[in-house]
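Here the structure is a predicted model, which means the values were calculated and not measured. Reminder, nothing fancy here: chain letters follow the sequence lines and each chain counts from 1.
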Protein chains: 2
Amino acid sequence: MCPPVRTVPTVINRSSRDPAYRQIADLFRAQIETGQLQPGDRLPYEGRIAQEYGVGRATARSALRVLREEGLVVTERGYGTYVVEPPPRVAVKVPRGSTIWSRMPTEAERVALGMELGATVPVLMYRTGQQQPKGPYAADRTDFTTA
Amino acid sequence: MCPPVRTVPTVINRSSRDPAYRQIADLFRAQIETGQLQPGDRLPYEGRIAQEYGVGRATARSALRVLREEGLVVTERGYGTYVVEPPPRVAVKVPRGSTIWSRMPTEAERVALGMELGATVPVLMYRTGQQQPKGPYAADRTDFTTA
DNA sequence: GGACATTTGTACGTATGTATC
DNA sequence: CGATACATACGTACAAATGTC
């Protein structure tokens with residue numbers, strides 16, 4: 001008689017101040033950071049997460065939204081959510097005497113830059129003297145280097 | 001006989017491909033950009049928006065989320081959502097030969113920087129040579145200037 | 001300090017549309 | 001075409017923070 005081998009289904013603490021969707025996000029974040037979930041690996045689908053942790057689908061969805069906002073995962077409709085492969089970074093040379101800033105992109109900019117709809121990624125901009133601002137550059141694949 | 005002067009209550013096009021929550025976000029964004037809504041002005045509360053446009057509160061909420069993600073408004077629990085007062089920008093001098101990048105802050109960084117919980121604001125970082133990275137700097141109030 | 005109204009935060013269930021495979 | 005899975009949307013309920021009296 002073996003004792004039942006039950007993988008303790010890491011369970012949500014409903015009395016915690018930390019909301020369920022954040023607790024679930026934390027679990028997946030940990031798996032991503034430890035490499036248990038590799039770039040390209042899919043996370044369970046929303047309905048499955050809901051089942052697994054005994055929450056509604058909206059709650060599971062909120063958890064995935066947190067990870068998207070942190071840029072850790074991308075969600076594609078009809079396919080699922082998977083861990084991001086960090087794109088190779090490209091260096092952009094910025095002239096001396098430039099001003100550099102960052103902000104969130106508009107919808108149009110996101111499309112123009114081919115940025116994943118799912119993720120939350122800022123853009124970089126710069127301006128030299130009185131010239132027109134240069135940019136936006138997607139910050140998940142761009143570094144600025146000063147001359 | 002004058003035609004009845006009715007302020008057409010800008011209504012949501014339910015057959016559009018553009019989802020209702022984005023249409024509502026567009027309306028408020030326009031009001032912010034034209035100055036009809038000034039920094040500090042409060043937007044209607046979620047329940048009111050829902051009523052106004054004949055949508056559910058979750059949909060109204062999604063519209064506000066879009067504006068938060070664009071950094072246009074801040075939402076405070078128990079109070080409401082209001083247009084952001086853009087903080088004065090501070091210039092940070094970055095040495096020559098530095099590498100500059102941007103990303104979304106972690107929760108801890110947000111707190112440390114005193115960033116509004118409601119808004120979505122990236123942070124700026126830089127590194128000179130092999131030194132430790134400097135930052136994060138809140139991107140809504142920081143410009144980097146190259147030497 | 002307490003009581004109260006206002007307003008957002010979280011969460012459930014359900015339904016339907018639509019993109020991907 | 002069917003199965004899978006996300007996107008949008010509705011309604012409801014209660015918890016928690018804020019502001020006011």
*Hey, are Arg65(B) and Glu70(B) close enough for a salt bridge, meaning a charged N less than 4.0 Å from a carboxylate O?*
no
_salt_bridge(Glu76(A), Arg42(A)) N-O dist < 4.0 Å_ = no
*How many Å lie between OH on Tyr82(A) and P on dT20(C), as a whole number?*
11 Å
*Taking atom P of dT6(C) as reference, at what distance in whole Å does atom CD of Gln51(B) sit?*
13 Å
*Rounded to the Å, how far apart are Asp18(A) CG and dG9(C) P?*
16 Å
*Does Arg96(A) CZ have over 12 foreign heavy atoms under 6.0 Å away?*
no
*Rounded distance (Å) that lies between atom P of dA7(D) and atom CZ of Arg22(B)*: 11 Å
_Length of the line joining Arg65(B):CZ and dT7(C):C1', which is rounded to integer Å_ = 19 Å
*asked:* Quick check on dT8(D): is either OP1 or OP2 less than 4.0 Å from any side-chain nitrogen or oxygen of Tyr21(B)?
replied: yes
*Tell me yes or no: between the side chains of Ser102(A) and Ser102(B), is some donor less than 3.5 Å from an acceptor?*
yes
*Expressed in angstrom and rounded to an integer, what is the separation of Ile49(B) atom CD1 from dA9(D) atom P?*
14 Å
*Regarding Thr145(A) and Thr99(B), is there a side-chain donor-to-acceptor distance under 3.5 Å anywhere?*
no
_I'd like to compare against my own output: the B/S/- annotation of nucleotides 10-20 of chain D with a strict under-4.0 Å heavy-atom distance to protein._
SS-B--BBBS-
*Between residues 38-47 of chain B and DNA chain C, which residues have a heavy-atom gap below 4.0 Å?*
Arg42(B), Tyr45(B), Glu46(B)
*Leu124(B) with Phe144(A), same ILVMFWY side-chain cluster at under 4.5 Å*: yes
*Quick one: pull up CZ in Arg127(B) and CG in Asp143(A) and give me the separation to the nearest 0.5 Å.*
9.0 Å
*Thr59(A) side chain to Tyr21(A) main-chain N or O, any donor-acceptor pair under 3.5 Å?*
no
*Return the value, rounded to whole Å, for the distance between atom CZ of Arg61(A) and atom P of dT10(C).*
16 Å
*Evaluate side-chain contact (heavy atoms from CB on, under 4.5 Å) for Leu64(A) paired with Val73(A), printing each intermediate quantity in order.*
CA-CA 8 Å; Leu64(A) 294 179; Val73(A) 303; 5.5 Å; no
*To the nearest Å, give me how far apart OH (Tyr53(A)) and P (dA11(C)) are.*
15 Å
